[in-house]
Amino acid sequence: MSKGWGQPFEEPIEIAGREPLRTPMDAGGYVAVLPKTQQTTSHWQATAEALLLVAESGGPTMFARIGMMRALDPGKA
(Lines give C-alpha, C1' and ligand atoms only; values in the text may rest on other atoms or scores of the structure.)
Protein backbone atom coordinates (compact mmCIF):
# COMPACT_ATOMS: atom_id res chain seq x y z
CA MET A 1 0.00 0.00 0.00
CA SER A 2 1.22 3.49 -0.88
CA LYS A 3 2.07 5.87 1.96
CA GLY A 4 2.32 9.61 2.32
CA TRP A 5 0.89 12.17 -0.06
CA GLY A 6 0.31 9.54 -2.76
CA GLN A 7 -1.74 7.16 -0.62
CA PRO A 8 -5.14 6.85 -2.36
CA PHE A 9 -8.43 7.67 -0.68
CA GLU A 10 -10.81 4.73 -0.30
CA GLU A 11 -13.16 6.60 -2.66
CA PRO A 12 -12.23 9.61 -4.80
CA ILE A 13 -13.78 12.94 -3.88
CA GLU A 14 -15.97 14.16 -6.71
CA ILE A 15 -16.02 17.90 -7.38
CA ALA A 16 -18.15 19.27 -10.21
CA GLY A 17 -16.18 20.59 -13.14
CA ARG A 18 -12.83 19.02 -12.28
CA GLU A 19 -10.99 15.74 -11.95
CA PRO A 20 -11.79 13.80 -8.75
CA LEU A 21 -9.41 14.16 -5.83
CA ARG A 22 -7.84 10.71 -5.46
CA THR A 23 -4.98 11.29 -2.99
CA PRO A 24 -3.98 13.65 -0.17
CA MET A 25 -1.68 15.32 -2.72
CA ASP A 26 -4.66 16.06 -4.98
CA ALA A 27 -6.63 17.38 -2.00
CA GLY A 28 -3.70 19.47 -0.78
CA GLY A 29 -3.36 21.01 -4.23
CA TYR A 30 -7.04 21.89 -4.16
CA VAL A 31 -6.74 23.54 -0.75
CA ALA A 32 -3.55 25.39 -1.73
CA VAL A 33 -5.28 27.36 -4.48
CA LEU A 34 -8.28 28.40 -2.39
CA PRO A 35 -8.40 32.09 -1.46
CA LYS A 36 -6.54 32.73 1.82
CA THR A 37 -9.77 33.93 3.46
CA GLN A 38 -11.29 30.52 2.78
CA GLN A 39 -8.16 28.58 3.78
CA THR A 40 -8.20 30.16 7.23
CA THR A 41 -11.72 29.00 8.14
CA SER A 42 -11.97 26.31 10.79
CA HIS A 43 -13.25 23.70 8.30
CA TRP A 44 -10.29 24.14 5.98
CA GLN A 45 -7.76 24.36 8.82
CA ALA A 46 -9.02 21.04 10.21
CA THR A 47 -8.83 19.55 6.72
CA ALA A 48 -5.22 20.71 6.30
CA GLU A 49 -4.31 19.12 9.65
CA ALA A 50 -5.95 15.83 8.64
CA LEU A 51 -4.12 15.86 5.30
CA LEU A 52 -0.81 16.39 7.08
CA LEU A 53 -1.59 13.59 9.55
CA VAL A 54 -2.19 11.17 6.68
CA ALA A 55 0.71 12.32 4.53
CA GLU A 56 3.39 12.67 7.18
CA SER A 57 2.37 10.14 9.83
CA GLY A 58 0.60 7.49 7.77
CA GLY A 59 -2.75 8.11 9.39
CA PRO A 60 -5.94 6.70 7.87
CA THR A 61 -6.93 8.41 4.63
CA MET A 62 -10.56 8.33 5.76
CA PHE A 63 -9.84 11.18 8.22
CA ALA A 64 -8.59 13.42 5.43
CA ARG A 65 -11.42 12.42 3.12
CA ILE A 66 -14.03 13.20 5.77
CA GLY A 67 -12.34 16.55 6.43
CA MET A 68 -12.45 17.41 2.74
CA MET A 69 -16.09 16.42 2.42
CA ARG A 70 -17.06 18.52 5.45
CA ALA A 71 -15.07 21.53 4.27
CA LEU A 72 -16.55 21.31 0.78
CA ASP A 73 -20.08 21.38 2.22
CA PRO A 74 -19.92 22.88 5.72
CA GLY A 75 -23.70 23.28 5.88
CA LYS A 76 -24.16 19.51 6.10
CA ALA A 77 -21.63 18.98 8.90
Side-chain angles (χ1 to χ4, degrees):
M1 176 165 71
S2 180
K3 296 284 184 193
W5 289 102
Q7 184 176 354
F9 292 130
E10 289 81 7
E11 290 183 47
I13 299 169
E14 301 288 338
I15 299 176
R18 63 168 292 142
E19 287 291 314
L21 306 176
R22 299 182 188 284
T23 66
M25 181 178 289
D26 294 344
Y30 181 87
V31 174
V33 298
L34 291 173
K36 293 293 180 198
T37 55
Q38 199 171 354
Q39 287 181 18
T40 58
T41 64
S42 61
H43 284 94
W44 287 108
Q45 289 291 303
T47 298
E49 289 178 25
L51 287 167
L52 286 170
L53 174 70
V54 169
E56 296 180 357
S57 301
T61 58
M62 185 57 70
F63 292 155
R65 187 177 189 287
I66 290 169
M68 282 295 298
M69 298 301 292
R70 291 184 72 178
L72 287 166
D73 193 359
K76 288 197 172 194

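From Ile15, atom CD1 reaches atom CG of Leu72 across 5.0 Å, with rounding to the nearest 0.5 Å. With rounding to the nearest 0.5 Å, the separation of CG in Leu51 from CE in Met25 is 11.5 Å. From Ile13, atom CD1 reaches atom CE of Met68 across 5.0 Å, with rounding to the nearest 0.5 Å. Rounded to the nearest 0.5 angstrom, Gln45 CD and Thr40 OG1 are separated by 6.5 Å. Note: Arg22 CZ to Arg65 CZ = 11.5 Å, rounded to the nearest 0.5 Å. One finds the CE atom of Met69 at 8.5 Å from the CD atom of Glu11 (value rounded to the nearest 0.5 Å).
Note on Ile66: it does not cluster hydrophobically with Leu21, by side-chain heavy-atom contacts below 4.5 Å among ILVMFWY residues. Phe63 and Trp44 are not part of a single hydrophobic cluster, where members link through side-chain heavy atoms under 4.5 Å apart.
Without hydrogens or angle criteria, Thr23 side chain to Pro8 main chain gives no donor-acceptor distance under 3.5 Å. In this structure, the side chain of Ser57 does not engage the main chain of Val54 through any donor-acceptor pair within 3.5 Å. In this structure a side-chain-to-backbone donor-acceptor pair under 3.5 Å is present from Gln39 to Val31.
If you check the side chains of Glu10 and Thr61, you find a donor sitting under 3.5 Å from an acceptor.
In plain terms, the two heavy atoms of Pro74 and Ala71 that are nearest each other are CD-O, 3.4 Å. Smallest separation of non-hydrogen atoms from Ala64 and Ala50: CA-CB, 3.8 Å.
Trp5 has its side chain within reach of Leu52: a pair of non-hydrogen atoms, C-beta onward, lies under 4.5 Å apart. A heavy-atom distance below 4.5 Å is not found between the side chains of Phe9 and Met62.
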